Amino acid sequence: MAQQEYTLVILKPDCIVKSLTGNILTRLSEAHLRIIGCKVVKVSRELAEKHYSHLVNKPFFEDLYGYFSGKIYGADYERVIAFVYKGEDACGRVRRIAGATNPFEADPTTIRGAYGRIIQNNVMENVIHSSDSPESAEQEIKNWFLPDEIVEDIYPVRSVVENAVERRRWV
Ligand code: IDP
Ligand code: MG
């Protein structure tokens, strides 16, 4: 079997605002990868800073956070949908379908070229995140998913006992 890779894909709040989730998942199915994890996430400041640690010190980070957290669209859109995909050349395949970071520079047949735009404060609404390498993917997937939220053990795990942790349960 060919070398398997993993990639983190995030459908950003503009994807949800524009009701594009189905379209984007259909486009991604052209990559012939398998989904091994999926969840809807309300992005905290802490998670955004971890995920975009390479951009935290940029002047546009506050605007990027407003966009990525969905806060600029209102409470109904403060969410993203995160996926772990598995397969051969997973990072490259998804990045090619996603297109260049700047939607104005992206090939018009890519997701970002077709559906992205630049809004106020030069925020790039570009619909989708995908990991740029297997190394980034590992770090990103570990930031976003617990081992038990993925249906395969893709990285080494350890057992911990957390007695003092309070958890919410249905009444
Ligand atoms: P990528 O999403 O193609 O991997 P990165 O350079 O990792 O691109 O940037 C992460 C995200 O930050 C981009 O998708 C875009 O939404 C935003 N971003 C990156 N550079 C700029 C910029 O110069 N101005 C505004 N937003 C930016
Ligand atoms: Mg990136």
Side-chain angles (χ1 to χ4, degrees), residues 5-21 23-31 33 35-74 76-145 150 154-155:
E5 242 177 58
Y6 309 102
T7 188
L8 179 74
V9 171
I10 300 170
L11 303 186
K12 297 181 180 182
D14 54 320
C15 175
I16 297 169
V17 169
K18 293 174 177 170
S19 199
L20 287 171
T21 302
N23 305 44
I24 303 306
L25 293 179
T26 300
R27 294 294 302 274
L28 293 177
S29 68
E30 294 163 14
L33 302 171
I35 295 169
I36 59 171
C38 169
K39 62 178 173 176
V40 183
V41 180
K42 185 171 177 180
V43 179
S44 66
R45 175 101 198 175
E46 186 189 1
L47 180 58
E49 288 186 359
K50 257 196 218 168
H51 182 70
Y52 284 139
S53 59
H54 58 301
L55 301 173
V56 164
N57 296 319
K58 298 279 188 196
F60 58 82
F61 186 78
E62 285 308 313
D63 291 317
L64 174 58
Y65 173 65
Y67 161 56
F68 190 60
S69 64
K71 288 184 189 301
I72 62 169
Y73 307 106
D76 284 348
Y77 298 106
E78 283 185 43
R79 66 209 61 186
V80 300
I81 312 177
F83 297 86
V84 180
Y85 278 87
K86 170 184 179 176
E88 194 182 333
D89 187 28
C91 297
R93 285 186 189 179
V94 176
R95 294 279 293 189
R96 285 191 288 279
I97 294 170
T101 305
N102 184 331
F104 287 175
E105 291 168 5
D107 183 298
T109 64
T110 61
I111 290 170
R112 287 164 161 184
Y115 299 116
R117 62 178 181 168
I118 294 178
I119 56 171
Q120 70 273 14
N121 298 339
N122 290 324
V123 168
M124 289 179 196
E125 271 190 344
N126 58 7
V127 188
I128 186 173
H129 165 83
S130 70
S131 308
D132 61 18
S133 67
E135 294 72 31
S136 310
E138 177 169 354
Q139 192 54 58
E140 292 175 358
I141 290 167
K142 288 176 176 175
N143 286 342
W144 284 78
F145 284 84
I150 298 174
I154 63 175
Y155 306 121

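Bear in mind that the values here come from a model prediction, so they are computed numbers and not experimental data. Remember, it's 1-based here, ligands and their atoms both numbered in the order they're listed.
Counting protein heavy atoms only, atom 9 (O) of ligand 1 is closest to Leu55 CD1, 3.4 Å. Among protein heavy atoms, atom 8 (O) of ligand 1 sits closest to Thr101 OG1, 3.3 Å. Annotation: atom 17 (C) of ligand 1 to nearest protein heavy atom, Leu64 CD1, 3.7 Å. Distance from atom 4 (O) of ligand 1 to its nearest protein heavy atom, with residue and atom name: Arg95 NH1, 2.9 Å.
Just one of Asn126, Leu28, Val94 meets the side-chain contact (heavy atoms from CB on, under 4.5 Å) condition when paired with Ile111; it is Leu28.
The closest approach between Val123 and ligand 1 stays at or above 4.0 Å for every heavy atom of the residue. Distances shorter than 4.0 angstrom occur between a heavy atom of Arg112 and an atom of ligand 1. At least one heavy atom of Asn126 sits closer than 4.0 Å to an atom of ligand 1. Note on ligand 1: Lys12 sits in its first shell, one or more heavy atoms being nearer than 4.0 Å. Ligand 1 has at least one atom lying under 4.0 Å from a heavy atom of His54.
Checking side-chain atoms of Arg112 against main-chain N and O of Gly99 turns up a donor-acceptor pair under 3.5 Å.
In summary, the aromatic rings of Phe68 and His51 are positioned with their centroids under 6.0 Å apart.
Glu138 is linked by a side chain to side chain donor-acceptor pair (under 3.5 Å) to Lys142, counting only residues two or more places apart in sequence or in another chain.
Considering only non-hydrogen atoms, atom 27 (C) of ligand 1 lies nearest to Phe60 out of Tyr52, Phe61, Phe60, Phe68.
Of all the heavy atoms of Asn122, the ones lying under 4.0 Å from any atom of ligand 1 belong exclusively to the backbone. Neither the backbone nor the side chain of Asp63 comes within contact range of ligand 1; no heavy atom lies under 4.0 Å. Proximity of Glu125 to ligand 1, defined as any heavy-atom pair under 4.0 Å, is not found for any part of the residue.
Looking at Tyr67 next to ligand 1, no N or O pair under 3.5 Å apart turns up.
Residues in residues 54-63 take part in these side chain to side chain donor-acceptor pair (under 3.5 Å) pairs, two or more places apart or across chains: Arg45-Glu62, Asp63-Asn121.
Residues Gly116 and Pro103 approach most closely at C-CB, 3.5 Å, considering heavy atoms.
From Lys12, atom NZ reaches atom CD1 of Ile24 across 12.0 Å, with rounding to the nearest 0.5 Å.
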request  = Begin with the C-alpha distance, continue with both residues' side-chain angles, and end with the deciding distance and a verdict on side-chain contact (heavy atoms from CB on, under 4.5 Å) for Phe61 and Glu49.
outcome  = CA-CA 9 Å; Phe61 186 78; Glu49 288 186 359; 3.9 Å; yes
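Between Tyr73 and Tyr77, the ring planes are perpendicular. Angles over 60° get that label, and only those under 30° would be called parallel.
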